[in-house]
Amino acid sequence: MSEQTGSISYLQAIAISVGAIIGWGAYVMPGDLFLPQSQLLGSSVAIIIGTLAIYMVARAYINLLTQTPENESGGIYWIEKYINRKHAYIYGWGVTIGYISIIALNISAVALLLRYLLPSGLQLGYLYTIAGWEVYASEVFLCSAAIILFSYINLKGVRVGAKIQLYIALFMILSVTALFFASLWMTPTTQAFLPTDMSSSSITSLAWLPILAVMPWAYVGFETTPQISKAISDSKTKTKSIILISLIAGVLFYFLINYFTALNMSFDYQAIKDSHWATGEGIDNRIGSIGIWLLSIAMIGSIMSGINGFILSSVKLLESMGDTSLLPSVFTDKHNQFSKQKTVILICLVCLLSPWLGRNYLLDIVTMASLGITVGFAYVTTADLINERKKETSRLAKLSLCINQCGLYIAITATIFTSSAVVQRLCFAGILYSAWGNWL
């Protein structure tokens, strides 16, 4: 058996899942994609439809969690039981690589946040430019310090990491809530709280479909719940509500940030499109420096909770693989048992490469690595479908089976979307490589 590192409380588990869902993109996508693409009405509809679609996938996780023994985690256990051991191996490594790539992307967001909030004079020690991204020694140092800090925290035990995650999530929630109410309070009396020209064309034109396409990645954090379920002190039946609560918290966050971005920019969608960072610009113009500091706290909380939550979940997933002898010896100790210390250090060493790659190049890697998580969605929904088909064929069971099939189709669609993005990235990389070869 793997080493015991303590248990996670119900609230801490919610904090891990919510923190993994609300990442850096929640503060950038309203200005970069949601509002320019389909305005407030269309983007809100896309967020709702996307959340309902993800719920159909999440329902498979909820069903399987309620049938998982208390001494087992989800994920690996489900795939091995309902499909086979070989597919459990593929699932495990696919999701793990996806998790680690998200950790790396969150680390790179530290440098991006510094560029948004601090003067360029703090970008010290220019090193080189890679894929259009300038790499500075000062940013490499800060990003490396962040991953080393959270690796150390997780080496102290799952309980320590989970407790810190809870505090970070609370700061993040309070900051976003304060920004929402401050935005309402500071709205001029001459401005309405909703756009006066909300047209249904933003829905009927289907301009919101690109927003719908990113929703699987917006909610990918709920996938961490089955990985940590063995460490959660409450029963598996109660654990299933963690997924529901995290999805509800996720949709509320996306709604609030999307809304106050539009509100603070006076629903001027052209200005939002032209803005370098519409959410920050709107907060700065409407609330001022206090608002920027609150926004900074929320964003730092999201980045830190993403790093911490996915390190913790990666370790627990690899521990599950170790318990079923699916890991190579590099992850085990001299007694051939899973070694948490080795695992955290290996994750840390891999992620320490990310600041040197530059954010633009790293985005290509993350897009390719995220295919593993969407394949994980397909595996879990397939396992649930196999499990449901073994049950009695009552009307309720048939309805449940139908919903499960919808979840599988959504998971497959998400995989296809990710695969097409991967092909585009690989083609682009091939063009760059050819151009580089010709130049030489």
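The first residue of the sequence shown is numbered 1, and numbering continues consecutively from there.
At distances below 3.5 Å, at least one donor-acceptor pair connects side-chain atoms of T332 with backbone N or O atoms of S329. For S138 (side chain) and L124 (main-chain N/O), a donor-acceptor pair under 3.5 Å exists by modelled atom type. In this structure a side-chain-to-backbone donor-acceptor pair under 3.5 Å is missing from S38 to F34. Proximity of a side-chain donor or acceptor of Q67 to a complementary backbone N or O of N63 within less than 3.5 Å is detected. When atom types are taken as modelled, the side chain of W24 and the backbone of V110 share no donor-acceptor pair closer than 3.5 angstrom. Without hydrogens or angle criteria, R85 side chain to T324 main chain gives a donor-acceptor distance under 3.5 Å. Proximity of a side-chain donor or acceptor of N387 to a complementary backbone N or O of L64 within less than 3.5 Å is not detected. Checking side-chain atoms of N258 against main-chain N and O of Y254 turns up no donor-acceptor pair under 3.5 Å. Judged by distance alone, with hydrogens and angles left aside, the side-chain atoms of Q227 form no donor-acceptor pair with the main-chain N or O of S313 at under 3.5 Å. In this structure a side-chain-to-backbone donor-acceptor pair under 3.5 Å is present from K340 to N154.
The six-membered or imidazole ring of F331 lies away from that of F338, with a centre-to-centre distance of 6.0 Å or more. Ring-centre distance between F260 and F180: not below the 6.0 Å cut-off.
Closest non-hydrogen pair, M299 versus L113, comes out as CE-CD1, 3.6 Å. The minimum heavy-atom distance linking L155 with Q341 is given by the pair CD2-CA, 3.6 Å. G161 approaches L312 most closely through the heavy-atom pair C-CD1, 4.1 Å. Scanning both residues, D284 and S289, for their nearest heavy atoms gives OD1-N, 4.4 Å. Closest approach of P36 to P30, counting heavy atoms only: CD-O, 3.4 Å. Considering every non-hydrogen atom in both I103 and C351, the closest pair reads CG2-SG, 3.6 Å.
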Walk me through it: do D323 and I76 pass the test side chain to side chain contact (heavy atoms under 4.5 Å, CB included)?
CA-CA 10 Å; D323 289 344; I76 295 294; over 6 Å; no
Show the numbers, then the answer: is there a side chain to side chain contact (heavy atoms under 4.5 Å, CB included) between V220 and I21?
CA-CA 6 Å; V220 73; I21 287 175; over 6 Å; no
Between Y27 and S302, is the side-chain hydrogen bond (donor to acceptor under 3.5 Å, both in side chains) condition met? List the steps.
CA-CA 10 Å; Y27 307 92; S302 295; 2.8 Å; yes
Worked check of side chain to side chain contact (heavy atoms under 4.5 Å, CB included) between I307 and I311
CA-CA 6 Å; I307 295 171; I311 289 177; 3.9 Å; yes
Would L112 and W133 count as a side chain to side chain contact (heavy atoms under 4.5 Å, CB included) here? Give the steps.
CA-CA 10 Å; L112 200 58; W133 181 270; 3.4 Å; yes
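In this model, no donor atom of one side chain and acceptor atom of the other lie less than 3.5 Å apart for T224 and Y99. Side-chain atoms of S354 and S108 include no donor-acceptor pair closer than 3.5 Å. Checked by atom type, the side-chain pair E134/Y136 shows a donor-acceptor distance below 3.5 Å.
F222 is not listed as a side-chain neighbour of I245, based on a closest heavy-atom distance of 4.5 Å or more. A 4.5 Å side-chain heavy-atom check between Q12 and Q165 finds every atom pair outside the cut-off. At least one side-chain heavy atom of T177 sits under 4.5 Å from a side-chain heavy atom of F181. L294 is not listed as a side-chain neighbour of V176, based on a closest heavy-atom distance of 4.5 Å or more. Here the side chains of I22 and S305 are not in contact, with every heavy-atom distance at 4.5 Å or above. A 4.5 Å side-chain heavy-atom check between F150 and I153 finds at least one atom pair inside the cut-off. For the pair V135/T129, no side-chain contact is recorded, criterion being any heavy-atom separation below 4.5 Å from C-beta on. Annotation: side chain of L247 is not in contact with side chain of V251 (no heavy-atom distance under 4.5 Å).
In this structure, CG on L35 lies 6.5 Å from OG1 on T261, to the nearest 0.5 angstrom. Annotation: the span from S43 atom OG to Y259 atom OH amounts to 12.5 Å, rounded to 0.5 Å. Going from atom CG of L65 over to atom OG1 of T68 covers 5.5 Å, rounded to the nearest 0.5 Å. Separating the OG1 atom in T374 from the CD atom in E223 is a distance of 10.5 Å, to the nearest 0.5 Å. Considering OG of S183 and CD1 of I287, their distance stands at 4.0 Å, rounded to 0.5 Å. Atom OG of S9 is separated from atom CD1 of I14 by 8.5 Å, given to the nearest 0.5 angstrom.
Within 6.0 Å of CZ on F171 lie no more than 12 heavy atoms contributed by other residues, nucleotides or ligands. Residue Y167 qualifies as open at atom OH: its count of foreign heavy atoms under 6.0 Å is 12 or below. Dense packing is recorded around CG of L244, with more than 12 heavy atoms of other residues, nucleotides or ligands lying under 6.0 Å away.
H87 pairs with exactly one of W78, W93, Y82, Y379 by the ring-ring contact (aromatic ring centres under 6.0 Å, His included) rule, that one being Y379.
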